[in-house]
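Numbering of ligands and ligand atoms starts at 1, following listing order.
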Amino acid sequence: MTSDAFDPTPADRFSFGLWTVGNPGRDPFGGPVRATQDPCRIVKKLGEIGAWGVNLHDEDLIPFGSSAAERDRIVGDFKKALEDNGVVVPMATTNLFSQPIFRDGAFTANDPKVRAFALQKTMTAIELGVELGAQTYVFWGGREGTEADACRDPQEATKRFRHAIDYLTCFCEDKGYDLRFALEAKPNEPRGDIYLATTGHMLAFIATLDKPERVGVNPEVAHESMAGLSMTHNVAQAMEAGKLFHIDLNGQRIGRYDQDLRFGSEDLKQAFLLVRLLEGTAGNDPYSGPLHFDAHAYRTEDDAGVWDFARGCMRTYKLLVARAQAFDADSEVRDIIADVTDPVLDPLLSAPYSPETVAALRGAAIDVKAVAQIGLRYERLDQLMVEYLMGAR
Ligand code: GLT
Ligand code: MN
Ligand code: MN
């Protein structure tokens, strides 16, 4: 394999979940097509291809029901693999969806035994994450939802979810864990409807928590796209609020099941705009957290194809960074998106509200017809972006 400037290195902060490159290719209509990989082997392979981190659910590493001795042996081996291969664990999470007890949700389930078990499991998984060095803890409420919606008041579900997050932030504080929570939204699948369906819902919910400063979001390209929304806009809102604690990058077409495809393999323009925003090539403050690829290889692939998939995610990200930098350095682009200024109105728009500034603003003469006739050159701007994406510039 040839090497070039787009080969990933740990400095790029790319991570993969054990469940992503370890995905055996199971889908609702067919069983696994690839062998289950040992987590230590995944760590070794990730180190070889230049990834920085590996993320995990409790059960990705420690099979459900393992004894304490088995757990300690598995964790010991895993820590050694991390050290030997220079790979870190930036994020950990809890599997609150695979075990049958969670068939009607975890934190929002009607049965207190289910809610209590979800808290027990999460506290144990948080301890594991902290032991492995994780700094971010993700909450994806995949089964927190309904098909038979009359089963509970959706307001009660919100209250229960809030109780769980408040309880667990207290647990971290009590234990002295410097762990930040990142809430991941999804509109549906595996449930018919999932509560707190988008990143915007999560941001509003976070403002109602006891310790909102500990909690941010983990938006996923596929999930925001399933809702028909702009991932870039949703991420921008989270960044502006100081709440982008983590991100799940992948590929998705609107109107489909959760495809979790290789990053950039669908809607390259949206991927470009997202990378441009995250990297701040247009001048905004960049995102500096982990870049996690929550995706998996096509079911057609063997083991070699899995690592082609992983390399592809990282290379596409780096290629898009280079394209975004070139686009934003282009004088024609800069000219089109340059700030529109007005020596009279700018000071009025930035002045604090007062009866005087209101009077001045209301008295300002604006040529409504002339302003509406100026061409904004967005056709040219968008074509320039396409030309950068196609390598014509
Ligand atoms: C699951 C889901 C992902 C979440 C993971 C975290 S698990 O694969 O589809 O989007 O990020 O629980
Ligand atoms: Mn995800
Ligand atoms: Mn997904």
Side-chain angles (χ1 to χ4, degrees), residues 14-28 32 42 53-62 64 89-99 102 105-107 118 121-122 125-126 128-129 134 136-145 161 164-165 168 181-191 194-199 202 216-229 231 234-235 238 244-267 271 274 289-299 309 313:
F14 293 139
S15 63
F16 289 86
L18 282 180
W19 70 93
T20 65
V21 282
N23 184 299
R26 191 182 294 112
D27 74 12
I42 293 180
V54 63
N55 305 318
L56 52 104
H57 297 86
D58 47 356
E59 291 182 43
D60 297 337
L61 184 62
I62 303 163
F64 188 73
V89 175
M91 175 273 257
T93 182
T94 328
N95 182 325
L96 295 174
F97 42 88
S98 292
Q99 298 303 321
F102 298 126
F107 298 142
K121 194 173 194 282
T122 304
I126 285 177
L128 171 68
T136 308
Y137 204 83
V138 162
F139 290 83
W140 172 64
R143 292 212 188 266
E144 313 287 10
F161 198 71
I165 300 296
L168 293 165
F181 290 180
L183 309 183
E184 177 176 346
K186 188 174 179 182
N188 59 276
E189 197 196 294
R191 302 311 299 271
I194 299 176
Y195 301 122
L196 300 165
T198 71
T199 292
M202 289 299 186
V217 291
N218 178 40
E220 174 174 316
V221 174
H223 301 176
E224 305 299 311
S225 307
M226 285 169 76
L229 302 175
M231 173 72 171
N234 298 356
V235 167
L244 187 66
F245 287 6
H246 200 266
I247 191 162
D248 278 0
L249 300 167
N250 55 21
Q252 174 75 27
R253 284 171 68 184
I254 287 179
R256 312 248 157 154
Y257 64 94
D258 185 25
Q259 292 176 295
D260 293 336
L261 299 167
R262 190 180 75 257
F263 179 62
S265 62
E266 296 287 348
D267 205 342
L274 178 61
L291 294 164
H292 174 225
F293 297 105
D294 188 7
H296 49 75
Y298 303 138
R299 203 160 175 267
F309 145 84
C313 287

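In this structure, the side chains of Leu196 and Phe161 come closer than 4.5 Å at one or more pairs of heavy atoms.
The Mn ion (ligand 3) lies at 2.8 Å or more from every N, O or S atom belonging to Asp294. Here Glu220 reaches the Mn ion (ligand 2): one of its N/O/S atoms is less than 2.8 Å from the metal. Asp248 lies apart from the Mn ion (ligand 3) in this respect, since none of its N, O or S atoms is found at a distance under 2.8 Å.
The distance from the CG atom of Asn218 to the OG1 atom of Thr93 is 8.5 Å, given to the nearest 0.5 Å. Taking CZ from Arg262 and CZ from Phe309, the interatomic distance works out to 8.5 Å, rounded to the nearest 0.5 Å. Here the CG atom belonging to Leu274 is positioned 10.5 Å from the CG atom belonging to Asp267, to the nearest 0.5 angstrom. Atoms CG and CD, from Asp260 and Glu220 in turn, are 5.0 Å apart once rounded to the nearest 0.5 Å.
Of all the heavy atoms of Asp248, the ones lying under 4.0 Å from any atom of ligand 1 belong exclusively to the side chain. Of all the heavy atoms of Asp258, the ones lying under 4.0 Å from any atom of ligand 1 belong exclusively to the side chain.
Polar contact check, Glu220 against ligand 1: a nitrogen or oxygen pair lies under 3.5 Å apart. Looking at ligand 1, you'll find an N or O of Asp294 within less than 3.5 Å of one of its N or O atoms. Of the polar atoms of Thr94, none of the N or O atoms is found under 3.5 Å from an N or O of ligand 1, judged by distance alone. Inclusion of His57 in the set of residues having an N or O under 3.5 Å from an N or O of ligand 1 is warranted.
Each of the atoms 3 (C), 4 (C), 10 (O), 11 (O) of ligand 1 lies under 4.0 Å from some heavy atom of Glu184. Those atoms of ligand 1 with a heavy atom of His223 less than 4.0 angstrom away are 10 (O).
Atom 1 (C) of ligand 1 has Trp140 CZ3, 3.7 Å as its closest protein atom, hydrogens excluded (heavy atom only). Nearest protein neighbour of atom 8 (O) of ligand 1, counting heavy atoms only, is Trp19 NE1, 3.4 Å.
Of the possible donor and acceptor atoms, one in the side chain of Glu144 sits under 3.5 Å from a partner among the backbone N and O of Phe107. Side-chain atoms of His296 do not come within 3.5 Å of backbone N or O of Trp19 as any donor-acceptor pair.
There is no side-chain donor-acceptor pair under 3.5 Å between Gln259 and Glu266. With no hydrogens or angles considered, no side-chain donor-acceptor pair links Asn95 and Asp60 at under 3.5 Å.
For Asp260, the N, O or S atom with the smallest separation from the Mn ion (ligand 3) is OD1. The Mn ion (ligand 2) is closest to atom OE2 of Glu184 (considering only N, O or S atoms).
Between Phe293 and Phe14, the ring centre distance stays below 6.0 Å.
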